[in-house]
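Let me begin by presenting the structure, written as structure tokens, before commenting on it.
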Amino acid sequence: MKKIFINLKSNLKINEIREFIKKVNELDIKNNIVICPSDIYIMEFCHNNYITCAQNVSKYDEGAYTGEVSASQLKSINISYVLIGHYERRKLFNEQEDDFICKINQALDNDINVIFCINEIDDLSTLDKVKKLDKITIAYEPAESIGTNYVKNINELKKDIAKIKKFIYNRYCYDMEIIYGGSVDDNNIESLNKLDLDGFIIGNAALDMKKFYKIKEVIFDK
């Protein structure tokens, strides 16, 4: 069964978060979605028995790192996943490969599943320096599709995904789960859902319940 990762980014205030939870509760799909809220709202979803994913993690372990949240802290509240390498972290916060390696290994040391976001195949070489692969999922997010409402031609995406799978298998002898993120919405989900993928990262479209209901219907009900 495919999974939907809902990346709420820095959206919604506490009253809106609680209303969002009520609406998603009505869809009865808790076992198939993973919520990626701001850190301050993670416990709202934990208390409602949602699978949760942190949007970021410190590259350091616990210690004197003001403003950071360590992997061991996330593990202590039963966070299941963490996003690492998201395009916005690369572009807006200038995070580099060394940062991703440290963050991935911190998550793996604490038995947290990693969603490693890549923009191109070359980004996969980061995996050469991580401790293990069995708890890593690759999220393919073409840079031109992040927050732009532009999605590459489906045949192009099919070729890209095939190349990613081939690269991983040839280099690591491993079949890794691949999900897609980048302007996924109710208008393109039917064609995207035909790709050989294990799920999707949904951003802005998840904030509109009518759009999200259509996405959910296509992925889980058809």
Side-chain angles (χ1 to χ4, degrees), residues 1-11 32-36 53 55-56 81-97 100 104 113-128 133 136-172 174-208 210-222:
M1 179 70 77
K2 292 179 179 177
K3 268 194 166 53
I4 296 177
F5 290 78
I6 299 177
N7 184 8
L8 294 176
K9 306 188 178 186
S10 292
N11 290 304
N32 302 113
I33 62 173
V34 179
I35 310 291
C36 316
C53 172
Q55 295 178 18
N56 191 25
Y81 295 86
V82 62
L83 290 176
I84 296 174
H86 192 281
Y87 175 71
E88 290 160 1
R89 299 299 307 181
R90 295 173 187 264
K91 180 181 179 182
L92 301 177
F93 300 94
N94 198 34
E95 291 188 357
Q96 307 292 324
E97 182 181 56
F100 305 142
I104 291 170
N113 297 291
V114 171
I115 307 300
F116 181 48
C117 305
I118 66 165
N119 306 134
E120 54 190 29
I121 288 180
D122 287 349
D123 294 334
L124 289 168
S125 60
T126 300
L127 299 177
D128 290 347
L133 300 178
I136 299 177
T137 294
I138 297 299
Y140 177 45
E141 300 182 316
E144 61 267 42
S145 297
I146 303 299
T148 62
N149 294 320
Y150 168 77
V151 175
K152 294 173 73 172
N153 177 278
I154 289 299
N155 288 327
E156 287 184 83
L157 285 174
K158 187 180 293 185
K159 290 177 183 177
D160 290 348
I161 292 162
K163 287 178 183 177
I164 291 168
K165 287 176 177 285
K166 183 178 180 180
F167 179 97
I168 293 170
Y169 188 79
N170 287 347
R171 192 155 177 144
Y172 308 111
Y174 194 78
D175 287 319
M176 192 173 287
E177 289 192 344
I178 311 293
I179 63 177
Y180 173 82
S183 295
V184 179
D185 63 22
D186 54 322
N187 294 315
N188 56 39
I189 189 59
E190 291 205 28
S191 54
L192 289 173
N193 197 45
K194 295 174 184 176
L195 296 169
D196 184 16
L197 293 164
D198 298 289
F200 300 93
I201 297 178
I202 313 293
N204 289 335
L207 301 176
D208 183 325
K210 288 183 179 179
K211 291 182 178 181
F212 183 66
Y213 184 85
K214 169 70 180 300
I215 292 169
K216 167 258 182 189
E217 188 178 42
V218 170
I219 295 174
F220 298 132
D221 298 342
K222 288 190 176 181

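Small disclaimer: the values here were computed from a predicted structure and weren't measured.
- Closest approach of I201 to A139, counting heavy atoms only: CD1-CB, 3.7 Å.
- At distances below 3.5 Å, at least one donor-acceptor pair connects side-chain atoms of Q96 with backbone N or O atoms of N94.
- Here CD1 of I136 is found 10.0 Å from CG of N113. Values are rounded to the nearest 0.5 Å.
- Closest approach of K2 to F220, counting heavy atoms only: O-CE2, 3.3 Å.
- Across C117 and R90, no two heavy atoms sit closer than the pair O-NH2, 2.8 Å.
- No side-chain heavy atom of I138 sits under 4.5 Å from any side-chain heavy atom of I115.
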Checking side chain to side chain contact (heavy atoms under 4.5 Å, CB included) for the pair K214/E190: CA distance, chi angles, key distance, verdict?
-> CA-CA 10 Å; K214 169 70 180 300; E190 291 205 28; 3.8 Å; yes
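- Residues E95 and N56 meet the side-chain proximity criterion, which asks for heavy atoms closer than 4.5 Å.
- Here the straight-line distance linking atom CD of E177 with atom OG1 of T137 works out to 4.5 Å at 0.5 Å rounding.
- Atoms CG and CG, on L207 and L8 in that order, are 6.5 Å from each other to the nearest 0.5 Å.
- In this structure, K3 and Y81 have side chains that are in contact, with non-hydrogen atoms separated by less than 4.5 Å.
- Side chain of D186 to main chain of I215: no donor-acceptor pair is present (N/O by atom type, distance under 3.5 Å, no hydrogens or angles).
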Chi angles and distances behind the side chain to side chain contact (heavy atoms under 4.5 Å, CB included) call for I179, L197 | CA-CA 5 Å; I179 63 177; L197 293 164; 5.7 Å; no
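- Between F5 and I35 the shortest side-chain heavy-atom distance does not fall below 4.5 Å.
- Environment of NZ in K158: sparse, with no more than 12 heavy atoms of neighbouring residues, nucleotides or ligands closer than 6.0 Å.
- Of the possible donor and acceptor atoms, one in the side chain of D123 sits under 3.5 Å from a partner among the backbone N and O of N119.
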Could you give me the CA-CA distance, side-chain angles and deciding distance for L127 and L133, then say whether side chain to side chain contact (heavy atoms under 4.5 Å, CB included) is met?
-> CA-CA 8 Å; L127 299 177; L133 300 178; 4.1 Å; yes
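- When atom types are taken as modelled, the side chain of S183 and the backbone of S145 share a donor-acceptor pair closer than 3.5 angstrom.
- Of all the heavy atoms in E156 and K152, the pair that sits closest is OE1-CE, 3.9 Å.
- Between the side chains of D128 and Y172, at least one donor N or O lies within less than 3.5 Å of an accepting N or O.
- When all heavy atoms of N153 and N155 are compared, the pair lying nearest together is OD1-N, 2.7 Å.
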For the pair K216 and N32, evaluate side chain to side chain contact (heavy atoms under 4.5 Å, CB included) and give the outcome as yes or no after the intermediate values.
-> CA-CA 10 Å; K216 167 258 182 189; N32 302 113; over 6 Å; no
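- Inter-residue side-chain proximity for I118 and E141 is flagged as unmet; no heavy-atom pair is nearer than 4.5 Å.
- One distance of note links CD1 of I84 with CZ of F100; it measures 9.0 Å at 0.5 Å rounding.
- Here the side chains of L157 and P142 are in contact, with some heavy-atom distance below 4.5 Å.
- Judged by distance alone, the side chains of Y169 and D175 never bring a donor and an acceptor atom under 3.5 Å apart.
- To the nearest 0.5 Å, atoms CG (N204) and NZ (K211) are separated by 8.0 Å.
- A donor-acceptor contact shorter than 3.5 Å links the side chain of Q55 to the backbone of C36.
- Using a 4.5 Å heavy-atom threshold, the side chains of I4 and V34 count as separate.
- Judged by distance alone, with hydrogens and angles left aside, the side-chain atoms of D185 form a donor-acceptor pair with the main-chain N or O of N188 at under 3.5 Å.
- Residue N193 holds its CG atom at 10.0 Å from CD1 of I154, rounded to the nearest 0.5 Å.
- For the pair R89 and F93, the cation-pi test (distance below 6.0 Å, angle within 45°) is passed.
- Counting heavy atoms from C-beta on, the side chains of L124 and T126 never come closer than 4.5 Å.
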